[in-house]
Amino acid sequence: MNSAAAPLDLDTLRARLVAPAGPYAALDVVASTSSTNHDLRAAAAQGAADRTVLIAEQQTAGQGRRGRNWVSPPGSGLYVSVLYRPTGVPAVRLPWLTLLAGVALVRAVRSYGADAVLKWPNDLLLGQRRRKAAGVLAETTSGLDATLVLGMGLNVAPLPPDVPAGVGGLEPTSLGDELGTAPDRTEVAVRLLTELATLEETWRRADGDPFVSGLHEEYRAYCATFGQQVRVELSGTAELRGTAMYLEGDGTLVVRSQDGAEHSVSAGDVVHLRPAD
């Protein structure tokens, strides 16, 4: 059995990540669940602590943005959710947690020497072919103020050939595919959650201000969407084509259409267009 297929080491994760030695209040690993986000939303309603982590070896109903499925087979990826209760951070700044997670993914993956960038808002792209290896989904918890569950799915082991392409034909990949060998998933989890904790603590201390915390600048440096010709798939069949220009202070993407008008996009699937498109 290779290291990518070995079970996650719960004792190591807790020793390195859970208080008093680490930044998280609690951490559990389950063999299988429908969705780690779903489980933590339920735990939040029962009073689970701020910065509670849940990791699954397998998700049977993992979701990406806009209700899409996220393929989550056992032993091949890192499927992790974190419950946050960032008291004092204005609700309008909570969406920055999803962009913050993208920055944490880039930091963690680059520590292995992989070529990693982001596609707005938080898709992790690896290698010269810019294939997708990870995504982020944040969900607020019903009836609870300033409470959010942040889910991340990262492909670690090499993927089988039948994994479908994403929106716009975006090819899938994994950390193992890009590096030539899959790193130990426990160590990947430690690196990712450590980076996430460092960024989130700085962001929270700045009351969620992305400029004061430095998050806006770092995100912009990692995001490959700016300057690209893009197609943004909006709700229904609507779409917007133009050039991705910059990031607003609230995390929205500004796209300049061919008529010169600038449009702020807060939600939608962005496709990087090739000249032939």
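Quantities reported herein were computed from a predicted structural model and do not represent experimental measurements.
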Q: For residues 158-166, tabulate all N or O donor-acceptor pairs below 3.5 Å that involve a side-chain atom, not counting sequence neighbours.
A:
none

Q: Once ring pair (Phe, Tyr, Trp, His ring centres under 6.0 Å) is applied, what residue pairs with a partner in residues 11-39 remain, sequence neighbours excluded?
A: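 For residues 11-39: none.
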Q: Please, which pairs that meet ring pair (Phe, Tyr, Trp, His ring centres under 6.0 Å) have at least one residue in residues 86-111, sequence neighbours excluded?
A: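 Passing the test, one end in residues 86-111: Trp96-His216.
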Q: Considering residues at least two apart in sequence or located in another chain, which fulfil the side-chain hydrogen bond (donor to acceptor under 3.5 Å, both in side chains) criterion with Glu239?
A: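 Residues passing side-chain hydrogen bond (donor to acceptor under 3.5 Å, both in side chains) with Glu239: Arg241.
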Q: Can you run down the salt bridge (Lys or Arg N to Asp or Glu O under 4.0 Å) pairs that involve residues 79-94, sequence neighbours left out, and say none if there aren't any?
A: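 Passing the test, one end in residues 79-94: Arg93-Asp209.
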Q: Among all residues two or more places apart in sequence or in another chain, which pass the side-chain hydrogen bond (donor to acceptor under 3.5 Å, both in side chains) test with Arg256?
A: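 By the side-chain hydrogen bond (donor to acceptor under 3.5 Å, both in side chains) rule, Arg256 matches Glu262.
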Q: Under 4.0 Å between a Lys/Arg side-chain N and an Asp/Glu carboxylate O for Arg130 and Asp115?
A: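 A salt bridge links Arg130 with Asp115.
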Q: Go through the structure and list residues passing side-chain contact (heavy atoms from CB on, under 4.5 Å) with Thr202, not counting sequence neighbours.
A: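 If we apply the side-chain contact (heavy atoms from CB on, under 4.5 Å) test to Thr202, skipping adjacent residues, the hits are Ser213.
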Q: Mark yes or no: Arg191 above the aromatic ring of Tyr112, with NZ or CZ under 6.0 Å from the six-membered ring centre and no more than 45 degrees from the axis.
A: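 Geometry flag: set, cation within 6.0 Å and 45°.
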Q: Taking only residues two or more places apart in sequence or in another chain, which ones pass side-chain contact (heavy atoms from CB on, under 4.5 Å) with Arg110?
A: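 Result, side-chain contact (heavy atoms from CB on, under 4.5 Å) vs Arg110: Val106, Ala116, Val117, Tyr222.
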Q: Only counting residues at least two apart or in another chain, list the ones meeting salt bridge (charged side-chain N to carboxylate O under 4.0 Å, His left out) with Arg205.
A: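 If we apply the salt bridge (charged side-chain N to carboxylate O under 4.0 Å, His left out) test to Arg205, skipping adjacent residues, the hits are Glu201.
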Q: Has the side chain of Trp120 got a donor or acceptor atom that lies under 3.5 Å from a matching backbone atom of Phe226?
A: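 Absent.
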Q: Can you find a heavy atom in the side chain of Glu218 that is under 4.5 Å from one in the side chain of Leu199?
A: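 Side chain of Glu218 against side chain of Leu199, heavy atoms only: contact under 4.5 Å found.
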Q: For residues 7-25, which residue pairs qualify under salt bridge (Lys or Arg N to Asp or Glu O under 4.0 Å), counting only residues two or more places apart or in two chains?
A: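 Qualifying pairs: Arg14-Asp28, Arg16-Glu187.
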Q: According to side-chain contact (heavy atoms from CB on, under 4.5 Å), who are the partners of Ala56, at least two apart in sequence or on a separate chain?
A: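 Val30, Thr33, Thr36, Gln59.
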Q: For Glu195, check side-chain hydrogen bond (donor to acceptor under 3.5 Å, both in side chains) against everything at least two apart and list the hits.
A: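 Glu195: side-chain hydrogen bond (donor to acceptor under 3.5 Å, both in side chains) contacts with Arg107.
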